[in-house]
There are 2 protein chains.
Amino acid sequence: MAVTLRDVARLAGVSSATASRALDPSASAATETRDRVMAAAAELGYIGNTVARSLRTSRTDTIGLLVPDVRNPFFTDLAYAIDKAATEVGLTVMMGSADEDGDAQDRYLVALERHRVDGLLVVPQGGPRPMLQRIVRAFPTVAIDRDADLGVPVVSSDSGGGMRALIDHVISLGHRRVAVVAGPQSTSTGRERLSAAREQLREHGLCLAPGDVVEGDFQLGSGLRAARTLLAATPPPDVIIAADALMALGVLTVLRERGLRLGTDVGVAAFDDNPWFAVLDTPVTVVAQDTARLGRQAVEALLARIAGREVEPSPVPTTLVVRSSLGEAARHGDPHFTPAARTKEDIHG
Amino acid sequence: MAVTLRDVARLAGVSSATASRALDPSASAATETRDRVMAAAAELGYIGNTVARSLRTSRTDTIGLLVPDVRNPFFTDLAYAIDKAATEVGLTVMMGSADEDGDAQDRYLVALERHRVDGLLVVPQGGPRPMLQRIVRAFPTVAIDRDADLGVPVVSSDSGGGMRALIDHVISLGHRRVAVVAGPQSTSTGRERLSAAREQLREHGLCLAPGDVVEGDFQLGSGLRAARTLLAATPPPDVIIAADALMALGVLTVLRERGLRLGTDVGVAAFDDNPWFAVLDTPVTVVAQDTARLGRQAVEALLARIAGREVEPSPVPTTLVVRSSLGEAARHGDPHFTPAARTKEDIHG
DNA sequence: CTGAAAGCGCTTACAG
DNA sequence: CTGAAAGCGCTTACAG
């Protein structure tokens, strides 16, 4: 049916061994032979069969990518960046969304194992599951975003640095009482962002009251629930910081429901940037992650692991993108005297 | 290194042929043998090698998915739905984002061909490119969203119906002058949405002036440019309809820049829903596509094609989601007498 | 029900 | 530089 290497060889009048070499730029073949084989291949429209080659070489030129939920814009951007970076080095990616569900993750991992991917890029969910633990030992693996103590290299943003910059900014605007919709504390990013917030507030002589922290799961629904809890307090917090964009979206939604003005009645900031944040009537201040760089670095690290080299990726810097959702100067000219900041000072200062 | 079927067979004291059958639920084997083989497999942690199996059976249990840009929320949702549906029937998907770039699409298609995917799900870009034409003849293929005259089944939404419902709604609100940020006219969806708008306006005795249509490319930048052109007209149109969410986001951004009030100064509506549309100060009315159903239907159709069966997918219905960006009743109680509608009537009526 | 054998399409030491 | 041969790990007629 499909044209095979033997067909090409026959047409070129050589053995398939020679045809194989002629088609491999890094193998040696007489120029004249190479030309004849190339011509034959072109004439027949030969497309090498990776599965046969893989069986022989035990490389599939395929990597697996496992993310908790592609629909989370951060993971979408990450998947995009990884696809780009992988394609550039001739790797095809098998993508799967585990749906923040451990069993789905396990099923997907087995599929990748059956397919004998060359390596695995994984954003681990929850604790270190046995299946993941096992597969990590069998395949070159690089964790992205979250460190789940798998003993593999981790490519991730400098969450702590991002959060500290954000807290400094929040405080410089005159806000005092900060609440946090934290990520799941079973994830390193969830923990790191929360503890950085706590510590940096302490630097400013402030503290994060127990009632001002609600743990979410990085999904929209938990942002909704967290915001309802947080806004039930009297007085409400000056500022709510969400550990990702989806939970921030939940917070924004609740603000709308309650008729609360963003940046005036309560400030909101989030981790992860997103074009939509910029287009809101009150654009949202965020800590942006450099997904392109994360993707590139992840693929590079995986390539190194596949080659058997050790790697120790360094944290990727984040960027504080100041917009108006904290009631700041971007709009009014004075970072220390904006409507939102003033309101808060009236209450607490 | 990895444990193979032979290892399992040896441990169970049978031939690999028998081991293979014992592990295949649809093959016959003595219960006692089957148990022994299963036990051996479990003991050794045997995971079948798909690449060997594929070479033998010429099925890879893998399908390729090619979308123009995963970061477009519509395609993100679609990819998610397809991944779900595929996983359910034991297929793994190789995903690629062609970046609305024909050459990238071609490179990716060749990679899928080398990997001998069982079938292809593709959202075709631009005209019928030779590479795509060729591959479509070689692999079972189903087109999604767009019909590019490839002679393959097309799974897509009822764009015409959605647009007609939207136009009726716009008109019922008292708007008269409608402008459109159209999708690329090289895509069937781009054409279908524009012509449906034109025809339905005609039904109402209105027409779409040449200056009130700008062709975009479904990406953010073109929405920005289109909105600038459209809003340069005096008076500006009553309503701007964007053919997808990304271009709508561009329109919204320009409105903000100009200090124009959404739903009051000018109405906006879009194709494709998105959680962010709901959280804007003025939530955006949209024609929502049922991505879950599109994904399921695409996988089903592809399975049918792989099995050699003919299929003729029927268009998937869309839903008009009425919010406030056209200045409508949802907010004010009377669909025919809202601020926006009134303003427009003052001008044109 | 089970085993021996062939073969899927490649690549790669091994000779020459 | 080139060819003959083996083999990657499975599955599946073909006998028995």
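To find a chain, count down the sequence lines: A is the first, B the second, and so on, and within it residues start at 1.
Partners of B:V316 according to the side-chain contact (heavy atoms from CB on, under 4.5 Å) rule, which considers only residues two or more places apart in sequence or in another chain, are B:D290, B:R293, B:L294, B:Q297. Contacts of A:R6 classified as side-chain contact (heavy atoms from CB on, under 4.5 Å), with partners at least two apart in sequence or in another chain: A:T4, A:R10, A:S16. For the side-chain contact (heavy atoms from CB on, under 4.5 Å) test, residues two or more places apart in sequence or in another chain that qualify with B:L55 are A:V51, A:A52, A:L55.
At the heavy-atom level, B:T33 lies under 4.0 Å from the strands shown only through sugar-phosphate atoms.
Here A:R36 pairs with A:E32 in a salt bridge; the nearest charged N to carboxylate O distance falls below 4.0 Å.
C:dC14 and C:dC10 have their P atoms separated by 24 Å, given to the nearest Å. The separation of C:dG9 from C:dA13, taken at their P atoms, amounts to 23 Å, rounded to a whole angstrom.
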- request: Treat primed atoms plus P, OP1 and OP2 as sugar-phosphate and everything else as base, then score nucleotides 8-16 of chain D 5' to 3': B for base contact with protein heavy atoms under 4.0 Å, S for sugar-phosphate contact only, - for none.
  value: BBBBBB---

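Judged purely by atom type and a 3.5 angstrom limit, A:D147 has no side-chain atom pairing as donor or acceptor with the backbone of A:V154. At distances below 3.5 Å, not a single donor-acceptor pair connects side-chain atoms of A:R296 with backbone N or O atoms of A:A85.
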Expected list for residues 22-30 of chain B: side-chain donor-acceptor pairs under 3.5 angstrom, two or more places apart:
residue	atom	partner	partner atom	Å
B:D24	OD1	B:S26	N	2.9
B:D24	OD1	B:S26	OG	2.9

field: Full working for side-chain contact (heavy atoms from CB on, under 4.5 Å) between A:M94 and A:L65
entry: CA-CA 6 Å; A:M94 289 188 153; A:L65 169 62; over 6 Å; no

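Between B:S28 and C:dC1 there is a side-chain polar atom (N or O) within less than 4.0 angstrom of OP1 or OP2.
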- line: Symbol by symbol from the 5' end, with Watson-Crick or G-U pairs under 3.5 Å, [ ] crossing and | another strand, DNA chain C is |||.||||||||.|||

